Amino acid sequence: MTEGTINKKVRVRFAPSPTGGLHLGGVRTVLFNYLFAKQQGGDFIVRIEDTDQTRFVEGAEDYIFDTLKWCGLTPDESPLHGGPFAPYRQSERKPMYKEFADKLVSEGKAYYAFDTAEELDAKRKEINNFQYSHATRGLMKNSLTLSEAEVAELLANNTPYVIRILLPDEEEVKFTDLIRGEVTFNTKEVDDKVLLKADGMPTYHLAVVVDDYKMQITHAFRGEEWLPSAPVHILLWKYLFGLENMPQWAHLPLILKPDGNGKLSKRDGDRLGFPTFSLDWIDPKTKEVTIGFRERGFLPEAFVNMLAALGWNDGSGQELFSLEELIAKFSIDRVHKGGAKFDYEKAKWYNQEWIKKLPVASYKEQVAGLLAKKGIVANDNLEQVLELVRERCVLLNDFVEQAGFFFKPSATPDIAAIQPKWDEKKNMFFIELIRAYELSTLWEASDLEIEFKELVAAHQLKPGELMLPFRIMLVGGKFGPGVFEIAAILGKEETLSRIKHVLSLF
RNA sequence: GGAGCGUUGGUCAAGGGGUUAAGACAUCUCCCUUUCACGGAGGAAUCACGGGUUCGAUUCCCGUACGCUCUACCA
């Protein structure tokens with residue numbers, strides 16, 4: 001912690017653009033924001049950055065809040081939750097930004113530019129690696145090259161214009177990044193970014209700075225892709241509000257695609273068959289559905305845990321963390337500098353661990369819902385069943401196969417697995433077994449096993465030959481917990497009925 | 001092209017002048033289990049390269065290579 005933030009309450013913000021589903025990297029950015037804020041006893045603010053009206057997507061904002069809710073990351077202030085710094089949507093704050101852009105112009109820190117898109121394009125073609133900067137701004141149509149009278153006239157005629165920041169020709173801009181340490185840029189390498197667009201909306205550059213100031217943000221986390229534009233934001237802070245009030249920056253490493261190189265994208269998930277979005281996202285225009293981690297069968301605990309581990313660890317070797325533990329143990333110092341390739345296998349492992357770790361009651365309802373979708377109605381045995389099969393489920397959806405047969409016999413028992421070795425002796429055995437079980441008064445797994453094995457011995461058969469057929473009869477396939485435990489839960493009536501049914505198939 | 005940032009097994013990574021260079025996922029072998037898992041034991045596999053500094057560099061410094069990000073009136 002450095003001067004300026006010592007006595008301030010920690011306030012962080014997550015500032016997404018509502019342009020579509022929330023990507024893994026986005027959720028991780030929220031997470032780190034949240035963890036840091038809560039650990040410091042601070043506030044977590046969500047601000048919607050919807051300054052680009054052309055990219056607005058219906059439903060995207062709701063999606064962001066649905067994701068936060070699912071993950072258990074509750075904002076202290078947001079357009080939804082309200083707060084003392086409302087409004088929290090940049091589109092609703094439009095007049096605020098112009099005031100500061102104008103102030104910069106009047107102080108000579110920014111200028112009007114009247115270049116049309118076509119003129120800009122032409123210049124880019126004409127000059128290699130064109131940048132609107134100290135080297136080229138003299139060639140363009142702006143209030144630096146035009147006379148005062150010309151500018152006044154253009155303005156009077158409502159000629160469209162943008163306001164660009166006037167960067168120093170050559171100046172070192174240094175700042176300390178919480179993750180990377182000291183970072184230096186020279187202004188000669190960066191261009192005069194647009195601050196206010198022709199439609200009167202601010203660009204991200206102006207909006208973040210103004211809003212972070214107005215909302216008293218103390219720490220700003222964002223993806224590493226923002227690093228190159230950091231000098232613009234720092235200069236803006238210096239010109240507008242003073243460096244001493246600037247939040248501390250932390251540029252998070254990127255999440256990379258599992259194969260090859262580069263940022264993980266939605267397309268990589270589609271291509272490789274795993275989700276990259278938190279929840280299902282349906283594009284309102286194309287109706288295209290992108291699967292989310294939730295719908296794939298991930299528990300929010302696992303999703304959050306997996307995300308936190310992508311770029312951070314506590315150094316102890318511990319891998320499983322609840323949200324509460326993450327809040328307690330998170331530290332920026334231990335965030336990695338380098339990007340991490342996303343590994344879906346590891347992500348699934350986290351989920352499997354959380355399925356084993358959490359009380360089954362916490363996901364019982366969801367599993368019941370999943371079963372219902374397949375036309376399976378669970379009964380009172382559900383919790384007991386989940387307890388029994390949980391360790392063989394990686395995703396919640398796996399419960400459909402692993403637990404479903406307890407409530408609905410398999411429509412297609414895998415007879416092929418036992419038919420080749422089926423004979424009259426085995427048939428006789430099961431007929432005897434039905435009789436024996438019908439008479440038994442005890443229905444515990446251990447009793448059933450003893451009876452079964454005694455009968456096997458009496459028939460001079462080997463248990464190994466009969467166990468698989470028995471399993472196929474009860475389960476329908478070669479999987480699941482111990483057969484006698486299954487029979488115990490199924491109960492006498494259902495067990496016998498399943499044996500009889502499969503017997504009738506031969 | 002330029003700038004910035006990064007680089008420990010296949011992947012996530014611990015470590016940070018002297019270590020047999022943790023652990024996890026994945027993979028392989030074995031044990032347990034008359035199914036499938038879980039669990040247990042073990043194996044294979046790593047400090048990008050080149051120079052320094054040093055008695056000693058994976059660790060510090062400088063280069064190089066490679067990768068990524070940015071280079072929009074998008075965020």
Side-chain angles (χ1 to χ4, degrees), chain A residues 15-19 26 49-52 54-55 90 113 115-117 120-121 124 128-133 160-164 177 179-181 183-186 188-191 193-205 207-208 222-231 251 253-254 256 258-263 306 309-320 334 336-350 352-353 356 389-394 398 401-402 414 417 462-468 470-472 475 477-483 486:
Chain A
S17 292
T19 55
E49 309 226 339
D50 54 351
T51 55
D52 186 359
T54 63
R55 294 215 308 163
Q90 289 183 333
D115 317 273
T116 63
L120 249 13
D121 271 351
R124 280 191 256 265
N128 229 307
N129 300 319
F130 173 82
Q131 286 219 124
Y132 208 118
S133 67
Y161 67 90
V162 300
I163 293 179
R164 289 180 181 269
D177 185 276
I179 293 171
R180 277 144 231 285
V183 181
T184 310
F185 288 89
N186 194 306
K188 72 178 176 190
E189 311 292 354
V190 349
D191 56 342
K193 297 278 185 220
V194 170
L195 302 179
L196 202 74
K197 300 186 259 189
D199 65 0
M201 277 289 196
T203 58
Y204 170 82
H205 307 293
V208 244
R222 64 189 354 177
E224 190 187 344
E225 67 267 26
W226 288 108
L227 205 45
S229 52
H251 289 90
L254 267 14
L256 277 14
D259 58 342
N261 300 302
K263 247 199 311 193
M306 173 272 287
L310 227 43
W312 173 87
N313 69 82
D314 79 338
S316 73
Q318 180 179 348
E319 301 217 61
L320 263 25
R334 297 198 58 91
H336 254 247
K337 292 184 176 72
K341 289 186 181 178
F342 177 68
D343 182 358
Y344 187 54
E345 292 306 316
K346 187 79 186 236
K348 286 194 290 189
W349 175 81
Y350 278 106
Q352 184 174 22
E353 291 302 311
K356 287 192 283 184
V389 305
R390 70 202 298 195
E391 65 198 18
R392 49 206 91 204
C393 295
V394 174
D398 293 337
E401 182 181 41
Q402 295 294 335
D414 186 9
K462 287 177 194 147
E465 299 177 89
L466 282 333
M467 294 288 274
L468 186 61
F470 193 29
R471 170 174 297 281
I472 299 292
V475 177
K478 289 157 67 166
F479 63 91
V483 257
I486 294 170

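Small disclaimer: the values here were computed from a predicted structure and weren't measured. Every chain is numbered from 1 and lettered A, B, ... according to where its sequence line falls, protein lines coming before strand lines.
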Chemist: Who does rG2(B) pair with, Watson-Crick or G-U, both distances under 3.5 Å?
Modeler: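 By the stated definition (distances under 3.5 Å), rC70(B) pairs with rG2(B).
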Chemist: Within a 6.0 Å radius of atom NZ on Lys478(A), are there more than 12 heavy atoms belonging to other residues, nucleotides or ligands?
Modeler: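 No - once you tally the heavy atoms of other residues, nucleotides and ligands closer than 6.0 Å, there are 12 at most.
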Chemist: In this structure, how many angstroms lie between the P atom of rG10(B) and the CD atom of Glu345(A), rounded?
Modeler: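 One finds 17 Å between P of rG10(B) and CD of Glu345(A), rounded.
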Chemist: Walk me through it: do Asp343(A) and Lys346(A) pass the test salt bridge (charged side-chain N to carboxylate O under 4.0 Å, His left out)?
Modeler: CA-CA 5 Å; Asp343(A) 182 358; Lys346(A) 187 79 186 236; over 6 Å; no
Chemist: Answer with base, sugar-phosphate or nothing: what part of the nucleic acid does Arg334(A) contact at a heavy-atom distance below 4.0 Å?
Modeler: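 Sugar-phosphate contact only.
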Chemist: Suppose we define a pair by two distances each less than 3.5 Å, Watson-Crick or G-U wobble; what does rG16(B) pair with here?
Modeler: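 Looking at the geometry, rG16(B) pairs with no nucleotide.
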Chemist: Going by purine N1 to pyrimidine N3 plus the second Watson-Crick contact, or the G-U wobble pair, all under 3.5 Å, which nucleotide sits opposite rA22(B)?
Modeler: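 Check on rA22(B): unpaired, no WC or wobble geometry under 3.5 Å.
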Chemist: Determine the Euclidean distance between corresponding C1' atoms of rC32(B) and rA41(B); express it in Å to zero decimal places.
Modeler: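 After rounding to an integer number of Å, I get 11 Å for this pair.
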Chemist: State whether the side chain of Glu49(A) and the backbone N or O of Gln90(A) hold a donor-acceptor pair below 3.5 Å, judged by distance alone.
Modeler: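 Checking the backbone N and O of Gln90(A) against the side chain of Glu49(A), no donor-acceptor pair under 3.5 Å is found.
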Chemist: Do the rings of Trp226(A) and Tyr204(A) sit parallel, tilted or perpendicular, given the 30° and 60° boundaries?
Modeler: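 Taking Tyr204(A) first and then Trp226(A), their aromatic rings lie parallel (interplane angle under 30°).
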Chemist: What is the distance, rounded to the nearest whole Å, between atom CG of Asp343(A) and atom P of rU11(B)?
Modeler: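 Whole-Å distance recorded here is 10 Å.
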Chemist: Is a donor on one side and an acceptor on the other found under 3.5 Å between the side chain of Arg334(A) and the backbone of Trp312(A)?
Modeler: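 No, because the side chain of Arg334(A) does not come within donor-acceptor range (under 3.5 Å) of the backbone of Trp312(A).
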Chemist: May I have the step-by-step check of side chain to side chain contact (heavy atoms under 4.5 Å, CB included) for Glu319(A) and Tyr350(A), ending in yes or no?
Modeler: CA-CA 9 Å; Glu319(A) 301 217 61; Tyr350(A) 278 106; 3.4 Å; yes
Chemist: What does the B/S/- profile of nucleotides 66-75 of chain B look like, 5' to 3', with a 4.0 Å heavy-atom cutoff to protein?
Modeler: -SSSSS-BBB
Chemist: Strictly by Watson-Crick or wobble contacts shorter than 3.5 Å, is anything paired with rG63(B), and which nucleotide is it?
Modeler: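 Checking every strand shown, rG63(B) finds its partner in rC49(B), with both distances under 3.5 Å.
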Chemist: Taking a pair as Watson-Crick or G-U wobble with both distances under 3.5 Å, which nucleotide is matched to rU34(B)?
Modeler: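 WC or wobble partner does not exist here.
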Chemist: Should Val194(A) and Tyr132(A) count as side-chain neighbours, where that means a heavy-atom distance under 4.5 Å?
Modeler: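 No. Closest side-chain heavy atoms not under 4.5 Å.
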Chemist: Taking rU29(B) as the reference, what is the distance to rA45(B) when you measure between their C1' atoms (whole Å, please)?
Modeler: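 Pairwise C1' distance, rA45(B) against rU29(B), rounds to 15 Å.
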Chemist: Keeping Glu465(A) on the side-chain end and Lys462(A) on the backbone end, is there a donor-acceptor pair under 3.5 Å?
Modeler: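 Yes, the answer is positive, given that a donor and an acceptor are paired below the 3.5 Å cut-off.
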Chemist: Which part of the nucleic acid does His336(A) contact within heavy-atom distance under 4.0 Å: base, sugar-phosphate only, or nothing?
Modeler: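 Contact class for His336(A): sugar-phosphate only.
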Chemist: Quick one: label Asn129(A) by what it contacts on the DNA or RNA (base, sugar-phosphate, nothing), any heavy atom closer than 4.0 Å.
Modeler: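 Counting heavy atoms under 4.0 Å across all strands, the contact made by Asn129(A) includes a base.
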Chemist: Is a donor on one side and an acceptor on the other found under 3.5 Å between the side chain of Arg471(A) and the backbone of Pro481(A)?
Modeler: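 Side chain of Arg471(A) to backbone of Pro481(A): a pair is present.
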Chemist: Specify the separation, in whole Å, of atom CG of Asn313(A) and atom P of rA22(B).
Modeler: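 The distance from CG of Asn313(A) to P of rA22(B) comes to 16 Å, rounded to the nearest Å.
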Chemist: Tell me whether the side-chain N or O atoms of Lys346(A) pair up with the base of rA24(B) as donor and acceptor below 3.5 Å, since no angle test is needed here.
Modeler: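 Yes, a donor-acceptor pair under 3.5 Å.
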Chemist: Side chain of Val183(A), heavy atoms from C-beta onward: which of rU11(B), rG6(B), rG4(B) has the nearest atom to it?
Modeler: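 Ranking rU11(B), rG6(B), rG4(B) by closest atom to the Val183(A) side chain puts rG4(B) first.
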Chemist: Applying the Watson-Crick and G-U wobble criteria at under 3.5 Å, what pairs with rU54(B)? Answer none if nothing qualifies.
Modeler: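 The base-pairing partner of rU54(B), which may sit in any strand shown, does not exist here.
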Chemist: Tell me, do Thr51(A) and Lys197(A) make a side-chain contact under 4.5 Å, heavy atoms counted?
Modeler: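 Yes, close enough: below the 4.5 Å cut-off.
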Chemist: Would you kindly give the OH-to-P distance between Tyr344(A) and rC12(B), to the nearest whole Å?
Modeler: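 After rounding, the reported distance stands at 18 Å.
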Chemist: Do nucleotides 30-43 of chain B as a string where each nucleotide becomes B, S or -: B if the base has a protein heavy atom under 4.0 Å, S if just the sugar-phosphate does, - if no protein is that close.
Modeler: ----BBBBSS----
Chemist: Is the NZ or CZ atom of Arg392(A) both under 6.0 Å from the centre of the six-membered ring of Phe479(A) and within 45° of that ring's axis?
Modeler: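 Pair Arg392(A)/Phe479(A) does not count as cation-pi.
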Chemist: Using the closest heavy atom to pick a nucleotide of RNA chain B for each, name whichever of Trp349(A) or Ala340(A) lands nearer the 5' end.
Modeler: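 It is Ala340(A) whose nearest nucleotide is closer to the 5' end.
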Chemist: Enter the distance from Asp191(A):CG to Phe130(A):CZ here, rounded to the nearest 0.5 Å.
Modeler: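 That separation rounds to 8.5 Å.
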Chemist: Under 3.5 Å between N/O atoms: give me all the protein pairs with nucleotides 44-47 of chain B, atom names plus distance.
Modeler:
none

